[in-house]
Amino acid sequence: MCRLLLSHGASLYVRDLNGRDPEDRAKAFSHKSTRILIAAVRAAGGWAAYLHAPRAALLALRRELPSLRDRGRATPSSVRVHERLFLDTPGDVFTSVLQFWRSDRDY
């Protein structure tokens, strides 16, 4: 329910009559997973940024992978198709495909 509300623009900063924000209420009612979700969304800067974070991390890894390999910090994948999809696909195609990728944050 929390994900649904956040995805439809629910505020992370609204307070109840006792002055508690959503994170405080989740803590008060022992909803640890909800509290963690609210904290992560707040830290990301909002729902859209929270959803985009895994995609941004994957794009950053794709950009940095060649230099990581040069420094010996990463090795090629043993599965050739992973190499081709991740490194040989043109950037604009990779970004377009990534828009359709779903993480555990999407529903």
Side-chain angles (χ1 to χ4, degrees):
M1 181 55 76
C2 184
R3 284 175 179 250
L4 178 67
L5 291 171
L6 288 170
S7 71
H8 283 85
S11 174
L12 294 169
Y13 304 100
V14 68
R15 296 196 175 270
D16 66 10
L17 296 174
N18 296 322
R20 295 181 298 192
D21 67 7
E23 200 171 343
D24 294 334
R25 287 187 53 85
K27 185 177 181 179
F29 290 103
S30 300
H31 294 291
K32 184 178 180 181
S33 60
T34 301
R35 185 174 46 83
I36 290 169
L37 171 65
I38 293 169
V41 171
R42 189 185 310 259
W47 182 252
Y50 172 78
L51 284 181
H52 182 66
R55 293 170 184 87
L58 191 58
L59 284 171
L61 175 61
R62 184 176 192 255
R63 278 192 304 271
E64 293 297 318
L65 192 56
S67 68
L68 290 170
R69 286 187 176 168
D70 290 344
R71 295 186 312 231
R73 304 280 298 168
T75 59
S77 173
S78 60
V79 181
R80 180 65 185 137
V81 72
H82 293 164
E83 290 287 312
R84 293 191 66 212
L85 286 173
F86 201 71
L87 294 175
D88 297 343
T89 304
D92 57 336
V93 174
F94 187 83
T95 303
S96 294
V97 169
L98 197 55
Q99 291 176 359
F100 296 97
W101 173 64
R102 297 293 173 246
S103 73
D104 60 344
R105 295 178 177 199
D106 297 291
Y107 60 131

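Numbering of residues begins at 1 and proceeds along the displayed sequence.
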Quiz item: Among the clusters formed by ILVMFWY side chains lying less than 4.5 Å apart, do Val93 and Val81 turn up in the same one?
Solution: no
Exercise. Please round to the nearest 0.5 Å and tell me the distance separating atom CZ of Arg84 and atom OG1 of Thr89.
Key: 8.0 Å
Quiz prompt | Closest non-hydrogen atom pair between Asp88 and Arg80, with its separation | solution = OD2-NH2, 3.4 Å
Quiz item: In terms of heavy-atom contacts, does CZ of Arg73 have more than 12 from other residues, nucleotides or ligands at under 6.0 Å?
Solution: no
Practice problem: Any chance you could lay out the side-chain contact (heavy atoms from CB on, under 4.5 Å) test for Arg3 and Tyr50, step after step, and finish with the verdict? | Solution: CA-CA 11 Å; Arg3 284 175 179 250; Tyr50 172 78; 4.2 Å; yes
Practice problem: Could you state whether Leu85 and Leu68 fall into the same hydrophobic cluster, counting links through intermediate Ile, Leu, Val, Met, Phe, Trp or Tyr residues with side-chain heavy atoms under 4.5 angstrom apart? | Solution: no
Quiz item: Between Arg105 and Pro54, which heavy-atom pair has the shortest distance, and what is it?
Solution: CD-CG, 3.7 Å
Quiz item: Do other residues, nucleotides or ligands put more than 12 heavy atoms under 6.0 Å from the CZ atom of Arg20?
Solution: yes
Quiz item: Counting only N and O atoms by type, is there a donor-acceptor contact under 3.5 Å from the side chain of His8 to the main-chain atoms of Leu4?
Solution: yes
Exercise. Please check if the side chain of Ser103 supplies one atom and the backbone of Arg55 the other of a donor-acceptor pair under 3.5 Å.
Key: no
Quiz item: Do Tyr13 and Leu6 belong together in a cluster built from hydrophobic side chains that touch within less than 4.5 Å?
Solution: yes
Quiz prompt | Val97 reachable from Leu58 in the ILVMFWY side-chain graph, under 4.5 Å edges | solution = no
Self-check item: Where Pro22 and Leu12 come nearest, the two heavy atoms and their spacing
Solution: CD-O, 3.4 Å
Exercise. Say whether Ile36 and Trp47 are linked into one hydrophobic cluster, either directly or through other cluster members, by side-chain heavy-atom distances under 4.5 angstrom.
Key: no
Quiz item: Looking at CG of Leu5 and OG of Ser11, how far apart are the two atoms once the value is rounded to the nearest 0.5 Å?
Solution: 11.5 Å
Practice problem: Taking the side chain as every heavy atom from C-beta outward, state whether Arg25 and Asp16 have any atom pair closer than 4.5 Å. | Solution: yes
Practice problem: Please examine the side chains of His82 and Leu87, heavy atoms only from C-beta on, and report whether any two atoms are closer than 4.5 Å. | Solution: no
Quiz item: Would you find a donor on one side and an acceptor on the other, under 3.5 Å apart, between the side chain of Arg62 and the backbone of Phe86?
Solution: yes
Exercise. Determine, step by step, whether Asp21 and Arg42 satisfy the side-chain contact (heavy atoms from CB on, under 4.5 Å) criterion, reporting the C-alpha distance in whole Å, the side-chain angles of both residues, the deciding distance to 0.1 Å, and the verdict.
Key: CA-CA 12 Å; Asp21 67 7; Arg42 189 185 310 259; 3.4 Å; yes
Self-check item: Nearest heavy-atom neighbours spanning Glu23 and Ile38
Solution: CB-CG2, 3.9 Å
Practice problem: Could you walk me through whether Phe29 and Thr34 pass the side-chain contact (heavy atoms from CB on, under 4.5 Å) test, one step at a time? | Solution: CA-CA 10 Å; Phe29 290 103; Thr34 301; over 6 Å; no
